[in-house]
Each structure stands twice: as structure tokens, then as C-alpha cells.
Amino acid sequence: MLPKAINETEHLKKTRELIRENIAKLETRVDQVHAETEELNDRITPRDRELNSQMSQQLTIANAMLAHTRNLLRKNVTAYPAPYFGRIDYREEKSGAEEVFYIGKNGIQHDDQVVVVDWRAPVAKVYYENEQGRGSYEVPEGDPIAIDLVQKRTYDIDAGVLNGWYDSDVAANDELLVKYLAKHKDVVLSDIIATIQKEQDAIIRSTPYQNILVQGVAGSGKTTVALHRISHILYNYSHRYTSDKFLIIGSSDMLLDYIASGLPDLDVSGVLQRRMDQFFREELYEDFKDSYEVVDEIPENAFKCRLEFAKALDKWLEKQWLRILRPRSVEDEELGEILSRDQVYDLLNYRRDWSLVRVENLLNQMLLGRIQMLTDVVSDELLFKKMRALRAKKSKEYSDYYHQRKNWADALFIYEQFVQEYALSQGIDAGPALKRLGIKQLSVYDLAAMCLVRRYFTEDEPSPPLGQIIIDEAQDFGEAIYYYLKKLQKGCYFTIMGDVSQNIHFEMGMNSWDAMEKGIFNGDKDQFYLLSKSYRNTIEISRFAGKVLEKASGSLYRIEPVIRHGEEVDIQQLLPEQMVFETGQILEEAAARGHRSAAVVCRTVQQAESAEEALRAARPEFFAEEAPCQVMVLPLEKVKGLEFDVVILWEPTDRNYPEDVKNAKLLYVAITRALHELHLLTSGKLTGLINS
């Protein structure tokens with residue numbers, strides 16, 4: 001079978017005409033539905049909504065219809081300048097049907113006919129992953145469809161003009177990919193769907209019913225892949241997942257804001273987002289309302305970040321839970337045996353994941369029911385009187401249980417007791433940890449551990465379950481965090497993205513995936529993926545970063561840059577009084593070249609504040625809202641996961657970046673934020689981590 005002969009220029013013109021017709025119809029429809037909704041809203045009073053559920057339901061349906069129509073309009077308006085980026089021609093093996101599909105960022109229909117296939121549709125996988133010849137694509141929860149792929153074509157369309165196309169076995173081949181990557185950051189993000197690579201697409205389209213770990217070098221598209229995976233799951237598994245069942249966890253508000261900015265463009269809304277500490281604080285709120293301070297963990301307490309500590313805590317809590325709730329009969333001098341040991345055993349055996357509080361409440365209900373049955377008492381007052389008597393005198397077993405329950409009502413007290421016992425058994429100095437706990441200075445690891453304590457002892461009701469948790473910059477946290485998350489969110493699946501070469505919390509974070517792979521996410525379906533290609537940096541920046549990376553992680557994870565050349569890395573040795581002036585010159589020239597984002601990256605918060613104050617005083621125009629190139633002055637800890645057209649590394653001296661593995665990782669993070677230009681300005685001795 002030969003590819004179908006299609007005049008591509010005419011096809012683009014016709015497609016845009018159909019989209020223009022859609023836009024006109026949808027604009028009219030939006031006005032109509034909006035007017036109908038407003039009229040219905042005016043007619044239905046608040047009292048009507050309370051008394052007449054049918055009227056309230058009508059209004060809900062009308063609002064949903066309005067939102068749906070507006071979304072269709074948005075998709076068509078967005079698609080009009082460049083309706084599609086790819087085409088596939090194939091023959092279906094089973095039916096023999098010959099198909100031609102155009103693939104776009106937004107699925108477009110006209111009069112119930114598919115004009116452009118949404119990139120998330122199952123058949124679009126053929127464009128991203130299949131090579132010419134026999135292959136297949138999978139339908140969610142269905143059998144694979146065998147095909148014979150004849151042609152794969154990638155288009156270069158800009159503002160309605162067809163600049164050309166490329167026929168290739170590989171989607172978005174290097175020529176077009178490099179063209180996209182050469183643009184400034186905003187354009188790259190908006191066009192990324194057209195250039196998703198095979199190894200990225202495999203992660204995006206992998207089944208949501210598994211946990212996946214992704215090690216990706218800087219610039220490999222980890223965040224982009226995570227966002228597209230969310231969009232793909234919501235599109236193809238809408239019967240199973242809604243957006244409020246997704247949670248994105250990040251290490252900082254800036255990272256979360258950056259991630260959130262890309263969601264609307266992927267037709268995703270309503271996804272929950274939390275910093276890691278926020279998530280655990282909300283879990284603890286009902287049980288731990290006392291004032292406390294959330295602080296960063298310190299290296300002296302790094303043992304709390306490790307998997308061994310989390311597992312030991314879990315085992316210790318289970319042992320205490322079983323000791324307190326060991327099955328035994330409940331008896332009364334007057335009534336005899338109220339609950340047998342076997343009955344109590346059955347109650348506990350099927351509720352091993354219930355807290356002590358929940359078990360106690362259920363046990364109370366069972367006791368009340370049994371007392372009522374044995375005495376024919378119908379008065380609640382008499383029933384509770386009998387219960388109080390059981391607790392006080394008549395049942396030694398139940399009285400002992402209730403006494404122990406009271407002693408285990410304080411999550412912080414329980415946790416402190418374990419830390420002390422664990423440190424003693426391991427020969428660890430627990431002084432710094434216990435001192436902080438004593439004055440209620442809690443790290444995210446303490447909060448997470450106390451959530452596990454809560455699950456065993458003080459939880460009244462479990463939190464609503466989540467379906468998917470996506471974690472970016474995962475290396476910022478030690479593996480203990482992920483053990484707690486998995487224990488607390490049973491039935492939830494995780495997508496965990498990170499780069500151990502970028503672990504800026506060297507003592508506490510992750511420097512290896514071994515504990516995660518072997519000790520936590522080690523199920524039969526769990527998958528580990530490696531992304532080694534860097535799409536962010538030019539070859540010159542990638543090579544420069546690679547030299548530093550060798551000192552950060554040896555040769556474990558090497559960068560494979562996409563062939564995109566740019567300026568050589570600029571290193572300048574200056575006098576202290578020249579730093580601000582030269583920075584201003586670089587930013588001015590960058591703006592003139594069309595760059596829209598720049599970052600001045602400093603080693604510490606104090607250095608960033610000082611540098612920003614000096615730059616604002618000398619060149620205030622760079623910080624104006626209308627500035628063509630937006631400039632941010634940031635400490636290194638705040639740039640994780642972000643990228644900028646231009647990066648100026650401020651004072652990369654041997655004092656700021658001593659020659660060791662920890663600082664090699666820090667420097668690697670700073671360098672790899674740059675898309676197009678990297679400048680190193682120093683008034684001191686250059687760090688030895690940068691080879692001459």
C-alpha cells in the first residue's frame with residue numbers, strides 16, 4: 001500500500017476552513033447557552049434551589065453545558081493557527097481498512113467527523129512510537145490493534161502557513177526538534193506536544209495502574225512528561241479518574257506555580273497541588289492542632305530520612321497496636337461472657353489497617369449491642385451506665401485496654417518514644433532530634449512519621465483516597481518520605497520523577513534509586529525508566545555541565561545532548577565593582593537577541609538578596625512588568641525544576657562551591673537551568689569543579 005496522495009497545502013487550507021466554521025458556530029452557541037443559563041439563574045431563587053432539586057439540577061446541567069461549549073471553542077481557537085503537527089497512514093491488519101489520520105494538540109471534529117485526532121488518543125501512539133512496518137497500538141482496557149504503518153509525516157506549520165514537512169520513522173525528527181528548541185522558553189513549552197520523543201511517550205502512555213520511577217538528567221523533560229501523563233490518563237481513563245483524584249507534590253511553591261502554568265494548555269484543570277510539608281500538615285491537622293514550627297532537617301538527623309528508620313517505625317507501631325489490641329474475651333460478673341475471644345479476633349483480623357480509635361469505637365458499638373441483647377435494656381442511659389461499669393471494675397481486660405488507649409493518644413509523645421528507642425538500638429546520638437521535638441520544631445520527616453503514628457493510633461476517619469500522586473524533583477527528599485506516602489495512600493499509584501545528580505540536600509535527599517527500587521516500589525508491575533537525552537541545553541552548555549556531572553555522580557548517568565549548537569559558555573573574572581555593570585550588559589544584549597527570561601543564580605539567599613538590591617538600583621528597567629526579558633535573582637535552592645533562556649551564575653568561587661561531590665551537584669543544577677546562554681561571573685577564585 002502506498003501513502004495516499006494528498007495536496008498538503010490544500011488540506012491545511014480546508015482543515016482551517018472547517019475549524020473557522022466550528023468557531024463561528026460555537027461562538028453563537030456559547031452566547032445562546034450563556035443567555036439560557038442567565039435566564040434560568042434569574043428565575044430560580046435561592047429558596048427554589050433548596051425546595052426544588054429539579055430546578056437546581058437544571059441549572060447544574062446548564063452550567064456544565066456552558067463550560068463544555070466554551071472548552072470546545074477554546075480548542076478550536078487554539079488549533080486554528082496550526083491544526084496538526086503529524087500524519088500517519090496505515091492499514092489495519094484485521095479489517096484491511098486503510099486509514100489516514102492527522103495528529104494535533106487538540107482533537108477537532110466537524111459535523112461528527114474527526115478532522116484532527118487528539119494527541120492523547122490511543123491511535124496517536126503510532127505517530128510517537130511505531131516505526132514503518134508492522135506494529136500495534138493499545139486501546140485502554142481492550143485488545144491491541146495490529147497495523148501496518150506505511151508513512152509517518154511531521155509538519156512545520158506556523159500561523160496557518162505550511163513551511164514544510166518531514167517523512168521519518170522517528171516522530172519529530174532532529175531537524176524539526178532543533179527548530180523548536182531554538183525558540184525561547186515560552187514557545188518551547190507550547191509546542192512540546194509536537195516534539196515528544198519515543199522514550200518520553202512510553203512513560204506518558206504507560207498504564208496508570210502501576211507505579212513508575214523516572215531518573216532523568218537535567219533538561220530531559222521530566223516535568224513535561226509528568227504533565228502530559230496526567231492529561232493522557234484523564235483523557236483515556238475518565239471512567240476511572242477525575243482531576244480531583246490527582247495530587248502533584250513539589251518541594252517549593254515556585255516549582256508548583258511553574259507546573260501549574262502548563263496544565264491549562266493540556267486541557268487539565270482541578271488537579272490538587274501541595275508542597276510535601278503541606279500535604280503532611282493537612283493530614284495531621286485534626287490530631288495535632290497545637291502550635292509547632294516546620295523547619296528544615298539538619299544533617300545530624302539524617303537517619304530519619306532513610307528507609308531503615310521508616311520501616312523500623314512501622315514495625316514498632318504495628319507491634320504496639322497488636323500488644324494493646326490482642327484478642328481477649330470481655331466478661332461481666334452479672335452477664336458472663338459478652339464478647340468471646342474469637343469474636344474480638346475476627347473484629348481485629350479484618351481491620352488491621354484501622355487506628356486504635358476506630359477499633360475502640362467499633363468495639364464500643366459491639367459491646368453496646370451485646371449488652372442490649374443480653375439484658376433486653378432499651379434505655380441508652382442504662383446501656384452507657386453498664387459500659388462505664390465495665391470500664392471501671394467489672395471487666396479487668398477491658399479496663400486495661402482502655403487505660404492503655406489513653407496513654408497512646410498523643411502522636412508526638414509516641415513518636416518521641418520511638419526515636420529514643422531507635423537511636424539507642426542503633427548507637428545514634430538522638431540528642432539533636434529529641435531537642436527539636438521537645439520544642440515542637442518539626443521537619444517534613446517528623447510530620448510524615450507522625451502521620452503514620454496517626455494512622456495506627458489516633459485517626460478518627462481516614463482521609464479521602466487519592467488515585468494518582470505525581471512527584472517532581474523527587475531527589476530532594478530521602479526515601480523515608482516515599483515509604484510513608486505509600487503506606488498512607490494504599491490503592492494509589494505513584495509517578496515519581498527525579499535526578500539523583502541534582503540532589504541539593506546531599507545528606508538527607510536521594511543519591512541513589514536503589515532503596516526506592518528494592519525496598520518500596522518493588523512490585524511486579526512497578527517500572528523504572530531512564531531519560532538520558534537533554535533537550536534543554538545547547539551542546540556547549542551540556543558538555544560544560546557534563547564535566548561537572550562526572551564529579552557529582554561519576555559516570556552513572558551521562559547527558560546525551562540533542563544536537564543544537566549555541567554560544568560557548570562565557571566565563572569572566574571581574575573586579576567586585578564590575579559585577580553589577582557586566583550583568584546589566586549581558587541582560588541588555590540578551591533582550592536585544594529576543595530572549596524573554598533570565599535568572600541570576602546565587603549560592604545563598606543572602607547573596608541573592610544583596611545582588612538583587614544592587615541590580616535593582618543600577619538597572620531597574622529589568623525588573624519592570626513590561627520588561628521584554630523578565631529577570632529573576634534567585635538562590636540556588638529555588639531554581640530546581642525551572643529553566644530560563646539565559647542564566648548568569650553569580651560568584652561560582654571555590655568558597656561558594658568547594659571541590660566535593662555535594663557542591664558538584666549544586667553547581668550542576670545551576671548550570672543546567674540555561675536553555676541558550678550561560679554566563680559565569682566571578683570576582684574571586686573560580687571553583688576547581690570547573691575544569692580549565
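Predicted, not measured: the structure shown is a model, and the values here were computed from it.
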Measure the spacing between [atom1] of [X] and [atom2] of [Y] and express it to the nearest 0.5 Å.
X	Y	atom1	atom2	answer
Arg603	Thr653	CZ	OG1	10.0 Å
Tyr415	Asp446	OH	CG	4.0 Å
Ile259	Ile470	CD1	CD1	9.5 Å
Leu356	Thr458	CG	OG1	9.5 Å
Tyr445	Phe477	OH	CZ	6.5 Å
Leu488	Leu466	CG	CG	11.0 Å

Let me see the working for Val268 and Phe246 under side chain to side chain contact (heavy atoms under 4.5 Å, CB included), right down to the final yes or no.
CA-CA 11 Å; Val268 174; Phe246 283 75; over 6 Å; no
I want to check something: taking the side chain as every heavy atom from C-beta on, are [X] and [Y] in contact at a cut-off of under 4.5 Å?
X	Y	answer
Val344	Ser329	no
Ile520	Phe494	no
Phe279	Gln489	yes
Val295	Leu442	no
Lys304	Leu313	no
Ser683	Glu651	yes
Val359	Trp321	yes
Leu649	Tyr657	yes

Partners meeting side-chain contact (heavy atoms from CB on, under 4.5 Å) with [X] (sequence neighbours left out):
X	answer
Phe528	Leu213, Gln215, Trp513, Glu517, Tyr557
Arg351	Leu347, Trp354, Leu362
Pro432	Ile298, Glu300, Asn301, Asp429
Ser243	Leu234, Val271

Between [X] and [Y]: side-chain donor-acceptor atoms closer than 3.5 Å:
X	Y	answer
Glu659	Thr687	no
Trp650	Gln607	no
Asn511	Lys665	yes
Gln468	Tyr241	yes
Ser340	Asp342	no
Asp346	Asn349	no

Treating [X] as the side-chain partner and [Y] as the backbone partner, does any N or O pair qualify as donor plus acceptor under 3.5 Å?
X	Y	value
Tyr482	Phe521	no
Gln200	Ser220	yes
Arg536	Ala218	no
Lys638	Val601	no
Lys311	Tyr483	no
Glu479	Leu307	yes
Lys640	Asn503	no
Asn537	Ala674	yes
Glu643	Gly219	no
Arg673	Ala599	no

Tested for side-chain contact (heavy atoms from CB on, under 4.5 Å) against Gln273, the lone hit among Leu247, Leu263, Asp257, Leu255 is Leu263
Taking all non-hydrogen atoms of both residues into account, name the closest pair between [X] and [Y] and its distance.
X	Y	value
Arg229	Gln210	NH2-O, 4.3 Å
Leu636	Ala670	CD1-CB, 3.8 Å
Ala474	Met510	O-CE, 3.6 Å
Ala608	Leu634	CB-C, 3.9 Å
Cys451	Leu284	SG-CG, 3.7 Å
Ala611	Cys602	CB-SG, 4.0 Å

In terms of heavy-atom contacts, does CD of Gln426 have more than 12 from other residues, nucleotides or ligands at under 6.0 Å?
yes
Crowded around Glu421 CD? As in, over 12 foreign heavy atoms under 6.0 Å?
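Enclosed: over 12 neighbouring heavy atoms sit under 6.0 Å from CD of Glu421.
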Would you say the ring centers of Phe309 and Phe418 fall short of 6.0 Å from each other?
yes
Taking only residues two or more places apart in sequence, or in another chain, which ones meet Tyr209 in a ring-ring contact (aromatic ring centres under 6.0 Å, His included)?
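Residues passing ring-ring contact (aromatic ring centres under 6.0 Å, His included) with Tyr209: Tyr237.
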Any salt bridge linking [X] with [Y]? Criterion: basic side-chain nitrogen under 4.0 Å from a carboxylate oxygen.
X	Y	answer
Glu297	Arg436	yes
Arg275	Asp253	yes
Glu318	Arg352	yes

Decide side chain to side chain contact (heavy atoms under 4.5 Å, CB included) for Thr223 and Met497; before the verdict, give the C-alpha distance in whole Å, the side-chain angles of both, and the deciding distance to 0.1 Å.
CA-CA 8 Å; Thr223 302; Met497 325 284 288; over 6 Å; no
Quick note, salt bridge (Lys or Arg N to Asp or Glu O under 4.0 Å) partners involving residues 494-512, not counting sequence neighbours, are Glu507-Lys662
Determine, step by step, whether Leu325 and Leu363 satisfy the side chain to side chain contact (heavy atoms under 4.5 Å, CB included) criterion, reporting the C-alpha distance in whole Å, the side-chain angles of both residues, the deciding distance to 0.1 Å, and the verdict.
CA-CA 11 Å; Leu325 290 175; Leu363 184 57; 5.8 Å; no
Take Arg323 and Gln320 through the test side-chain hydrogen bond (donor to acceptor under 3.5 Å, both in side chains) and record every step on the way to the result.
CA-CA 5 Å; Arg323 180 177 63 81; Gln320 306 306 324; 3.2 Å; yes
Mind running side chain to side chain contact (heavy atoms under 4.5 Å, CB included) on Val444 and Val294 for me, showing each step along the way?
CA-CA 7 Å; Val444 66; Val294 178; 5.8 Å; no
